[in-house]
Amino acid sequence: MIRIPCPFCGERDHSEFHYGGDGSITYPALDAPTEDWLNAVYQRKNIRGVQIETWHHVNGCRMWLLVERDTITHEIHLVRAAHDGVDGVLKGRT
Amino acid sequence: MTRFSAWSVFWNGLTNQMGWKPQWRTPELKADYDVVIVGGGLHGLATAYYLAKNHGISKIAVLEKGWLGGGNAGRNTTIVRSNYVMPGNREFYERSLKLWENLSFDLNYNVMFSQRGHVTLLHSPEAIDAAARRYNTMRLTGSDAEIWSLEELKRNIPHLNYAADARFPIFGAAVQRRAGTARHDAVVWGYARAADKRGVEIIQNCEVLGVTRENGHITRLETSRGNVGVKKVGFAVAGNTSLLWEMAGLGTLPIESHILQAFVTEPVKPLLDQVLVFGVGGANFYMSQSDKGGLVFGGDIDWYKSYAQRGNLPIVQDVAECALSIMPCLGRVRLLRHWGGVVDMSMDGSHFICKTPLDNLYLNAGWNYGGFKASPGSGWYFSDLIANDRPHSDIVNHDLKRFERGHTIDERGAGPDPKLHG
Amino acid sequence: MSARRLSHGGRIDRAKTISFDWEGRKLTGYPGDTLASALMAGGQRVIGRSFKYHRPRGIMSAGVEESGAIVTLGDGAWRDPNVKATTQELYDGLVARGQHAWPNLHFDMGGVANFFSRFLPAGFYYKTFMGMPPFEWGSGTGWWMRYEKLIRRAAGMGTASRAPDPDAYEHAHAFCDLLVVGSGPAGLSAALVAAQSGLEVILVEQDFEFGGDLLNQANPESETKRIELLSAIHTAGVRTMSRTTAFGLYENSVAGLVERVTDHLANPADYLPRQRFWTVRSKQTVLATGALERLIAFGNNDRPGIMSANAGRTYLNRYGVLPGENIIVVTNNDSPYQPALELAKAGATVHLIDARTTTPELEKGCGVSVKSESIPIKAHGSKGIRGLESTASEGIQSCDLLLVSGGWSPVVHLLSHRGIKLVWDAQIACFLPGDTDAPIHVAGSAAGIWGSKDCGASGQVAAAKALGQLGHDIKLPTGKISRGSGWDLPIKPLYEIKVPGRKLQSFVDLQHDVTSEDVRLAHREGFQSVEHLKRFTTLGMATDQGKMGNIIGMALMAEALGKNIHDMGTTTFRPPYTPVSLGALGGRHVDSNFRPIRRTPLHDWNLSNGAIMTLAGLWDRPWYFPREGETIEDAYIREATVARKSVGLCDITSLGKIAVQGPDTAEFLNRIYTNPFAKLSIGKARYGIMLRDDGMVMDDGTCWRLTETDYFMTTTTAHAATVMVWLEELLQVRWPDLKVHVTSVSDQWAGCTVAGPNSRAVLEACVTDPTLISNETCPFMGVIETTLTGAIPSRIARISFSGELAFEVYVPSDYGPSMMDLLFNASKPLDGCLYGLEALGTLRIEKGHVTGAELDGRVTIEDAGLGKMASKQKSYIGDVLRKRPVMLDKNRARLVGIFPKDRTQRFNAGTILCKPGAISGFGEGWITGATYSPALGHWIGIGFISGGFESWVGQTVVVADPVRDQNINVEIVLPQMFDPAGKRSHD
């Protein structure tokens with residue numbers, strides 16, 4: 001069981017979360033060139049090591065999180081709210 | 001090389017088994033080869049075998065970083081079937097199944113392919129209709145396929161949960177009789193031995209550490225056993241494809257590595273004669289009984305991306321719940337082992353056997369859940385691609401450019417999310 | 001016979017006799033016995049049969065490593081195969097019998113395999129059974145499958161019950177600072193130090209008593225020590241759990257435990273689960289899991305009456321059973337000397353054979369003779385040992401018990417689960433835990449420390465390390481504890497006995513009948529890596545997972561390769577450490593709790609109004625409402641007819657409902673739907689299509705604008721959760737700048753469709769202000785918020801899935817049944833009816849409306865016939881990638897309607913549309929839905945065909961259904977088969 005320290009709820013089992021995917025992807029504008037969309041939707045870095053990914057606390061606060069996790073050891077290095085504004089509020093950056 | 005037969009087994013019984021030789025040689029890595037296959041799993045070995053057998057290529061090496069069959073070849077649930085419906089997949093898996101049917105003879109190695117039937121339980125009239133589309137297509141494209149009524153199912157598999165008030169009552173089943181299971185390790189060894197016999201050099205403990213390119217062409221591979229010159233290179237390294245791809249300087253792939261677990265129970269006397277599939281209410285579960293007597297289970301992937309060859313608890317529980325849901329008599333049967341394999345999950349759930357941006361590099365990857373059953377077909381089509389430098393007409397759309405064209409081969413309709421293509 | 005119960009000693013309670021049934025015979029034992037100790041005391045020697053050669057096997061150990069005494073417990077639905085007699089507590093009325101033998105344990109026909117064993121070495125099956133001439137030459141699998149049937153029958157072990165397991169299981173959860181696994185001196189000491197330093201500690205022990213090796217000692221001081229420690233840890237607040245196995249260690253120090261709650265009880269209370277599966281989340285873990293004694297491979301080393309030396313001691317000291325009167329002990333290390341002395345003191349004759357040159361000094365008159373530099377060669381006797389041939393004496397030295405100690409293997413399985421590498425220690429001949437940064441600390445003999453006192457000290461060190469990692473300022477105890485401490489003289493590695501010129505059948509893996517020769521055969525055939533050895537010979541793959549035999553197998557392979565064991569590596573141990581019942585893993589998540597069923601707030605109302613229910617995904621929904629004597633077909637045809645003629649009511653609560661709120665909602669909706677939403681006016685609803693990023697249709701539904709910033713979205717039942725997660729992702733991850741909030745309100749609103757020409761009349765009778773329902777105030781796609789009679793708040797939109805004048809009415813869930821009463825009562829005078837999913841399907845197929853059967857994730861908006869809803873004026877999710885060439889191909893399969901040529905014929909969904917004369921291959925399309933259409937008076941279908949309707953005008957198409965039915969001819973029509981202009985819904 002991976003334990004994910006949710007910034008809103010505290011440390012929780014990963015089974016409470018829904019795994020999103022690669023968190024390093026920047027989705028292009030809705031009218032961006034096809035190539036950009038192809039890259040964002042289909043191409044993956046598939047890192048063996050520490051990667052940024054998204055998780056959704058679907059059976060909890062329902063917040064989307066950005067998580068830095070090692071894909072070999074499953075060690076988690078960092079968790080923050082995916083929403084920048086919310087993350088700012090959490091960290092007192094308002 | 002000793003030919004295997006009842007006679008050779010008998011004779012060696014009389015002579016203290018002293019007549020057996022290594023099933024494959026242990027050659028040193030040579031300076032160059034016509035074809036180097038990276039990956040000594042099932043797909044790599046099968047490819048080398050068919051390159052030698054069907055295409056008459058003689059200087060072939062298979063490089064394996066660990067021991068033969070140490071990846072997903074030895075970590076799967078040993079199911080062989082061809083119940084795919086999408087054009088391309090249909091022909092591919094049907095050819096693979098036909099190769100399976102003759103594989104023991106072809107390799108002179110009993111791979112224990114047991115065509116015991118593959119039974120997918122159906123839990124509503126709508127599910128029967130949805131399965132019928134798939135199974136009708138199978139029949140029309142030259143495969144075998146049946147829909148069993150509830151009565152027929154009860155006759156064949158007596159101790160399923162047939163209670164009318166079951167959480168998911170059973171209405172019938174979709175069946176492929178020619179499907180079944182095989183002994184996974186034996187297939188690895190059979191291909192290795194047969195390829196070796198045809199001159200293929202299998203080099204274990206030989207890890208590729210670097211790829212040297214010149215003008216869109218690979219000239220050399222650096223390995224833990226020295227450098228090797230190449231005319232053509234094939235990658236068949238499920239689970240680690242992205243790493244090798246990047247090593248070749250080719251950027252990203254439409255692939256993510258995930259963990260697929262397998263489970264086996266303590267052996268019990270024969271309890272289930274078929275491969276059973278249970279997929280309703282989000283469940284994704286399959287089981288069969290090995291010849292040794294252990295019940296072999298498979299379930300969902302672990303959801304999160306992973307390169308660790310071990311599985312996690314939630315899926316263990318989920319698989320037990322599924323098993324008990326369809327066979328409530330299993331409560332006292334004990335789980336003996338569970339383990340995980342790293343699979344390439346592709347963006348549409350289908351594989352790649354294709355040319356690449358480099359003119360002498362060929363790719364075999366993205367097997368999702370389907371790698372084991374695909375092995376003979378994969379070797380057959382991949383060797384055909386490497387030898388002739390063009391894809392066979394059946395697999396023209398199993399290339400990396402299919403997403404650009406919008407030609408996704410999505411058996412589940414799950415869309416561009418690798419974890420959903422279970 | 002030899003073994004007998006002593007009149008005193010041991011931890012059994014002789015005051016109370018327990019009777020049990022073994023192979024149909026009544027035997028007795030005492031509380032504190034295991035099944036194995038009671039069988040041994042009862043003079044039973046052959047307890048099991050081996051897997052492959054069906055050789056007789058007896059009790060070989062006193063614990064989880066047992067590979068001989070494996071039995072079946074219980075009868076009928078309670079039948080429990082493959083139980084280790086050495087770990088099963090005895091209880092009154094226990095029923096056990098041998099397994100894997102026919103007709104019985106003592107005379108097993110399977111034993112003939114042993115005579116042919118020379119022809120059945122490891123992997124023989126790979127080399128034969130490839131067809132039998134002249135029946136099968138060069139193709140097919142038929143003959144192999146005939147052999148396979150025989151092989152399967154011969155294999156397996158116990159027989160599982162065919163009846164559902166009647167017992168209940170449960171899941172439990174726990175948290176702690178430190179989990180200590182094992183309650184020997186190391187575990188107890190670790191728990192004590194940690195708890196006294198303020199940690200929350202859980203101590204688990206697989207045995208039914210705490211104490212580990214302290215339970216097996218003869219000296220009273222050990223017991224005093226054990227009681228002291230136990231009492232101290234309880235005082236310090238340690239939570240202790242016995243009969244509980246930590247079977248697996250997972251990420252983040254999460255352990256899987258199984259607690260056997262009633263397996264030892266004769267009459268367990270009804271409310272108790274049989275077993276409890278624990279998920280323990282700890283911060284630190286101490287593994288004090290002990291070590292297991294190894295055997296040595298010599299001739300017939302599997303005979304009943306051969307067991308580990310420590311087992312001999314355990315049966316004596318713990319169970320008060322003298323396991324033999326005339327005992328030979330063979331060893332290569334110090335550990336069996338104490339057991340030998342204790343057995344001699346208990347009255348046995350004991351001869352010790354030590355492979356080493358220098359042996360420990362024994363006192364004169366201790367009753368144990370020692371022969372150094374001697375090794376065993378071959379055991380004699382078949383169903384029980386009679387004597388041993390060894391280098392210690394000429395001929396066969398008679399004995400009735402042979403104790404063996406080939407060294408010890410620390411139990412490091414749980415570390416291995418975490419991927420921590422093991423390191424071979426040549427000095428003490430075992431694998432030890434390698435270094436790790438993980439919060440796992442190994443103590444006691446699991447770390448290669450053999451002496452009891454040193455084990456205790458190492459437990460304290462482990463606890464101190466755990467405390468240190470948790471930030472406690474604690475000094476590590478001083479004093480050096482070295483590996484192998486507890487032995488005065490070094491071990492002399494000894495794995496196999498070979499005598500030149502003699503063929504000895506010596507076993508490496510006793511349960512799977514892997515012999516030394518098999519290991520050498522594997523070497524000869526090139527299976528030389530540890531994993532190949534394991535897979536080729538099946539070494540270590542039996543129910544004991546190679547606890548006894550793996551090391552010997554590796555040693556033999558290393559020898560054959562001319563390598564050291566540490567160059568061989570080791571296989572990875574997989575969880576679980578000992579097998580875990582599926583029942584425990586499933587817990588309560590079975591039967592109706594497996595994927596719990598979802599019911600609408602109208603469920604009971606539907607049932608009381610005669611609904612027959614069906615499953616739709618996880619939902620239980622009304623299928624049809626039969627009147628007396630009606631079949632499902634009669635019922636749905638009537639219901640659909642009434643809905644078109646008068647009015648029908650249908651529970652649609654399972655649709656997903658999402659409150660979308662905030663100043664940027666219009667912009668948000670405009671981005672996620674393909675059709676324009678920016679200018680939806682207040683009080684209007686719109687049908688909308690959502691695409692995935694890849695341009696395929698994700699879902700369809702409606703969105704109602706209630707106020708400037710408040711919208712009410714409906715989704716399909718199947719995609720309700722997916723869409724909700726998707727919207728949250730878009731708002732939180734992709735478009736954090738949008739000021740929009742989404743809330744799932746699916747459970748808050750109950751919904752009913754009122755469909756049919758009389759639907760307005762029904763609603764008028766139910767709303768407080770009937771004028772609101774007029775065509776002017778509530779036109780097609782109009783939305784009103786009002787109250788129903790009785791001040792029931794409601795939202796009503798004029799939306800039609802059926803193609804009739806229709807309204808969707810939503811009320812807060814608790815008002816659902818009241819709403820249904822109102823609507824149903826109002827529809828009765830108009831001869832209205834309730835309708836279910838089947839009629840719903842009929843109505844929508846008649847109209848060519850798509851559902852999940854069509855929108856299967858591979859369909860573009862054009863494929864679904866909804867191309868007009870793809871706006872050209874704006875950009876939206878999926879817009880770019882939906883325009884890829886293959887997706888815009890005009891020849892893609894497009895939505896169509898299907899009529900049978902002969903209108904009296906019917907056909908199925910799931911069928912393939914083919915050109916006449918070309919009924920093979922992938923065909924031209926497929927049918928997703930079929931129904932009898934009361935409105936049209938014949939069967940109709942909906943499906944997809946290449947190029948769509950235009951390509952097939954006037955042509956005959958064949959519906960092929962080879963798996964179910966005959967082929968019939970059909971024609972292709974437009975999907976809108978009834979009222980194509982949509983006059984009825986628009987009034």
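Hydrogens, waters and symmetry mates are skipped; everything else that's a heavy atom, side chains included, is used. In the text below, chain A, chain B and the rest are named by the order of the sequence lines, each starting its count at 1. Because the structure is a prediction, the values reported are computed rather than measured.
- The contact between B:Gln115 and chain C is made by backbone and side chain atoms together, counting heavy-atom distances below 4.5 Å.
- Note that CG of C:Leu582 and CZ of B:Arg334 are 10.0 Å apart. Values are rounded to the nearest 0.5 Å.
- Proximity to chain C (any heavy atom under 4.5 Å) is shown, for B:Thr137, by both the backbone and the side chain.
- Proximity to chain C (any heavy atom under 4.5 Å) is shown, for B:Asn205, by neither the backbone nor the side chain.
- Looking at B:Leu420, there are no atoms closer than 4.5 Å to chain C (heavy atoms on both sides), in backbone or side chain.
- Checked for salt-bridge contact, B:Arg405 and C:Asp889 miss the test: no charged N lies under 4.0 Å from a carboxylate O.
- Proximity to chain C is limited to the side chain of B:His184, based on heavy atoms less than 4.5 angstrom apart.
- Of the atoms belonging to B:Pro158, not a single heavy atom falls under 4.5 Å from chain C.
- The pair B:Asp348-C:Arg858 fails the salt-bridge criterion, with no side-chain N (NZ, NE, NH1 or NH2) lying under 4.0 Å from an Asp/Glu carboxylate O.
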If you apply the rule ring pair (Phe, Tyr, Trp, His ring centres under 6.0 Å), what do you find for B:Trp189 with C:Tyr126, and how did you get there? CA-CA 10 Å; B:Trp189 304 333; C:Tyr126 302 134; 5.6 Å; yes
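- Within the 4.5 angstrom heavy-atom criterion, no atom of B:Met327 approaches chain C.
- Looking at B:Ser149, there are no atoms closer than 4.5 Å to chain C (heavy atoms on both sides), in backbone or side chain.
- Both the backbone and the side chain of B:Arg116 come within less than 4.5 Å of a heavy atom of chain C.
- Judged by the 6.0 Å distance and 45° axis criteria, C:Lys127 is not positioned over the aromatic ring of B:Trp7.
- The residues C:Lys149 and B:Asp273 are annotated as not salt-bridged, no charged nitrogen and carboxylate oxygen being separated by less than 4.0 angstrom.
- Applying the salt bridge (charged side-chain N to carboxylate O under 4.0 Å, His left out) test to C:Glu517 and every residue at least two apart in sequence or in another chain returns C:Arg520.
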Test salt bridge (charged side-chain N to carboxylate O under 4.0 Å, His left out) applied to C:Arg595 and B:Asp318, step by step: CA-CA 10 Å; C:Arg595 307 290 194 269; B:Asp318 188 61; 3.0 Å; yes
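- A donor-acceptor contact under 3.5 angstrom links the side chains of B:Asn136 and C:Asp961, judged on distance only.
- Contact annotation for B:Phe263: neither backbone nor side-chain heavy atoms come within less than 4.5 Å of a heavy atom of chain C.
- In this structure, C:Gln99 and B:Lys269 have side chains that are not in contact, with every pair of non-hydrogen atoms separated by 4.5 Å or more.
- Taking the ring centre of C:Trp926 as origin, the terminal cationic atom of B:Arg133 falls inside the region bounded by 6.0 Å and 45° from the ring axis.
- No side-chain heavy atom of B:Leu336 sits under 4.5 Å from any side-chain heavy atom of C:Arg574.
- In terms of modelled atom types and a separation under 3.5 Å, the side chain of B:Asp185 and the main chain of C:Arg535 share no donor-acceptor contact.
- Put simply, the side chain of B:Arg139 gets close to the backbone of C:Pro962: a donor and an acceptor are under 3.5 Å apart.
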